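From a predicted model like this one, the values you see are computed outputs, not experimental measurements.
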Amino acid sequence: MKILLIYPNKTMTTRMPLGVGYLISYLKAAGHQVDVFDTTFVKCGSGVSDDQLRAYSLQVRNPDFSEYNIIEQEADVIGELFKKIEKCVPDVVGISVVDPNYRFGLELARAIKRDYKNIFVLFGGPTVTFSPEEVIAEDCVDAICVGEGEEAVPELCSKFAEGKDILNVGNIWIKHNGKVYRNDVRSLIDLDSLLQPDWSLFDERHLIRPLGGKMYRMGIFSLTRGCLFRCTYCANFALSNIYKNKGALYRIKRPDLAVKEIAECKEKYNLNFAFFVDDIFPLHKEDVLDEFCRLYKKNVKIPFNVSLHAELVREKQFAKLVDAGCRNICVGLESGNPKIREEIFERRCSDEHIINVFKLAHKYKVRSSSFNIIGIPHETRKNIFETIELNRKANPTTTTLTFLHPYRGTKVRGLCVQENIFDISKEREFEDGYRTDSCLNLKDVSRKELNGIFKTFQMYLKLPKIFYPLIGLAENDSVFSRRLYSLLRKIFYFITRKEAVWDFTKEKA
């Protein structure tokens, strides 16, 4: 069977899509012909890329992407899609969606159904898993995959190709004669059985990613799936309910198998950096960590990044990571107000733990980044400055900032709806990303004030406090404020110039 997978990436986020890579491998292993239509490098609207938004708000200082030909092509995206369909003549089109690209995915599906009525359209991805009834109700959708798709989608396609009954495939909801067949989710996948992801159908520019002011040939990997925590802004809360009694949500791949996959990808794609996207890297599992570090240092020998939960970090384990090649860490700080962290986000982690992990990063000369959120229910301007102050104490190399967006599947979404600060009917206005604007109407901080703080957040972090009155004036949007903001940007760049560029390739892991 011929299958066309669509990656409806609207904001030119160039990171290699790991989940689609796994699905390609499983479809090929089942004997299917697979092709990909990737919109990453096609201009799909007036928005800017997430990398550009981070640079504009002073969160990063990226190299010139155009030097690497990482630019969006001016083209008719529907026309390009139809060219691909005419070339590969697919029986099935699969579209993987998350909330920021869901509406765009539907737009592509509607165009397909308008001109190619016989093509079977299957939707999958986080948005489908967390809002299956909403997605299956769309006229342009024939079926959806709820949860992990590596086993379910190939089974569906194989039965389809063989003319067998396709109405009872685990994880698949399907329409037939006006009825929706809602099949239960199957057990969670054993990570030790996972095939290696196939990136060969994607543009090689997906491998070129910025970090610390330089570009790397970066592979995206994961040693785990799931999470130990149930933070309300994260979808793991919903996943734990969907997969209740279907196996442990948090799973760890055998280190020898994980390292073998990474080493093979390194050689195949000429990688010089590994970026782990685990929600929680298994720093707390000492036997797993010891074997991983030993094998990685011996067989891979390229620097890597991990995400850590501050509460789980201990110096002994941290030192092992650094010795194995860890050169960049990402740590969730979220909010500097303990009450917001504990009561709104249900994330119990002390200021001391947060500060300590960044102290370790400085001690071991590792680049670090804190993850922060503003525009939170019950948050005040004072609370946001508590977040700024905690960052100043922790002193990460860089800070990542987003507005809270209550995505489908998150517990905080229900709170926002309940408190009438989130209008679901207007959600599509904010779906291009979570750094462009707040989608909430908070009682204590206006959207205009949030936007002003967002653009000056990094200045409050890095400039001496004597500048605070000037930064406050620069939050506004008057002619004077814009000119003052431009001047403060120059001062910011001068003060932070020494920490802007990190070259991880000067040393081997």
Side-chain angles (χ1 to χ4, degrees), residues 3-25 27 34-56 60 62-85 87-88 90 93-109 111-112 121 123-128 149 197-211 215-222 265 268-271 273 275 277 402 431-436:
I3 300 146
L4 177 64
L5 298 179
I6 296 180
Y7 180 45
N9 183 6
K10 195 175 181 181
T11 56
M12 204 176 74
T13 303
T14 59
R15 194 169 77 178
M16 185 67 74
L18 185 59
V20 181
Y22 279 120
L23 185 55
I24 292 170
S25 291
L27 286 168
V34 187
D35 207 341
V36 167
F37 180 70
D38 174 13
T39 69
T40 300
F41 305 104
V42 179
K43 194 167 184 61
C44 304
S46 58
V48 297
S49 74
D50 188 57
D51 287 311
Q52 288 176 305
L53 288 171
R54 292 172 66 205
Y56 291 160
V60 296
N62 288 327
D64 184 357
F65 278 40
S66 64
E67 290 184 11
Y68 302 86
N69 195 32
I70 300 177
I71 55 176
E72 291 179 311
Q73 172 192 352
E74 292 285 351
D76 171 15
V77 68
I78 301 298
E80 294 299 312
L81 171 60
F82 286 176
K83 287 179 186 177
K84 175 65 78 169
I85 289 174
K87 181 180 179 181
C88 68
V93 165
I95 306 178
S96 178
V97 290
V98 294
D99 276 16
N101 66 28
Y102 173 51
R103 298 293 168 187
F104 182 48
L106 286 177
E107 180 184 335
L108 299 179
I112 292 170
V121 175
F123 267 60
T127 298
V128 174
D198 187 330
W199 301 337
S200 63
L201 298 180
F202 284 96
D203 191 308
E204 195 175 61
R205 287 175 291 177
H206 277 288
L207 296 171
I208 304 173
R209 291 290 301 148
L211 185 65
M215 288 291 198
Y216 296 91
R217 287 186 64 85
M218 189 179 293
I220 306 299
F221 302 100
S222 179
C265 286
K268 185 175 182 179
Y269 299 105
N270 192 28
L271 306 178
F273 198 95
F275 197 99
V277 293
T402 71
E431 285 186 341
D432 280 351
Y434 38 79
R435 300 184 211 274
T436 51

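Scanning for salt bridge (charged side-chain N to carboxylate O under 4.0 Å, His left out) contacts around D198 gives K28, with sequence neighbours left out. Listed by chain and residue number, nothing satisfies the salt bridge (charged side-chain N to carboxylate O under 4.0 Å, His left out) test with K268 (two or more places apart in sequence, or in another chain). Among residues two or more places apart in sequence or in another chain, the ring pair (Phe, Tyr, Trp, His ring centres under 6.0 Å) test is passed with Y216 by F273, F504. Residues forming a salt bridge (charged side-chain N to carboxylate O under 4.0 Å, His left out) with R15 (at least two apart in sequence, or on another chain): none. Considering only residues two or more places apart in sequence or on other chains, F82 meets the ring pair (Phe, Tyr, Trp, His ring centres under 6.0 Å) condition with Y116. Applying the salt bridge (charged side-chain N to carboxylate O under 4.0 Å, His left out) test to D76 and every residue at least two apart in sequence or in another chain returns nothing.
For the pair R205 and F41, the cation-pi criterion (under 6.0 Å, within 45° of the ring axis) is fulfilled.
The nearest pair of heavy atoms linking L18 to I220 is CD1-O, 3.4 Å. Considering all non-hydrogen atoms of both residues, F104 and C44 come closest at CZ-SG, 3.6 Å. The two atoms that bring L108 and P8 nearest to each other are CD1-CB, 4.1 Å, heavy atoms only. Residues Y68 and P63 share a closest heavy-atom pair of CE1-CB, 4.5 Å. I112 and I85 get closest at one heavy-atom pair: CG1-CD1, 3.9 Å. The two residues I3 and P90 have their closest heavy-atom pair at C-CB, 4.4 Å.
The CZ atom of R217 sits 10.5 Å away from atom OH of Y269, with the distance rounded to the nearest 0.5 Å. Rounding to the nearest 0.5 Å places CG of L201 at 14.5 Å from CZ of F37. The distance from atom OG1 of T402 to atom CG of L53, rounded to the nearest 0.5 Å, is 12.0 Å. How far CG of D64 is from CE of M215: 8.0 Å, rounded to the nearest 0.5 Å. Note that the CD atom of E80 and the OG1 atom of T39 stand 11.5 Å from one another [nearest 0.5 Å]. Within the model, atoms CG of D35 and NZ of K84 stand 4.0 Å from one another, a figure rounded to the nearest 0.5 Å.
Defined by atom type and a distance below 3.5 Å, a donor-acceptor pair is present between the side-chain atoms of D99 and T127.
Of the candidates T14, N9, D38, D38 is the only one forming a side chain to side chain donor-acceptor pair (under 3.5 Å) with H206.
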Test C265 against L271 for side-chain contact (heavy atoms from CB on, under 4.5 Å), laying out the working first. CA-CA 7 Å; C265 286; L271 306 178; 4.3 Å; yes

In sequence, state the C-alpha distance, the side-chain angles, and the governing distance for I70 and D51, and then conclude on side-chain contact (heavy atoms from CB on, under 4.5 Å). CA-CA 11 Å; I70 300 177; D51 287 311; over 6 Å; no

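Two residues are said to be in side-chain contact when any heavy atoms from C-beta on lie closer than 4.5 Å; V20 and F202 meet this criterion.
Heavy-atom contacts from other residues, nucleotides or ligands closer than 6.0 Å to CD of E204 number 12 or fewer.
Under the 30°/60° scheme for interplanar angles, the aromatic rings of Y102 and F123 are found to stand perpendicular.
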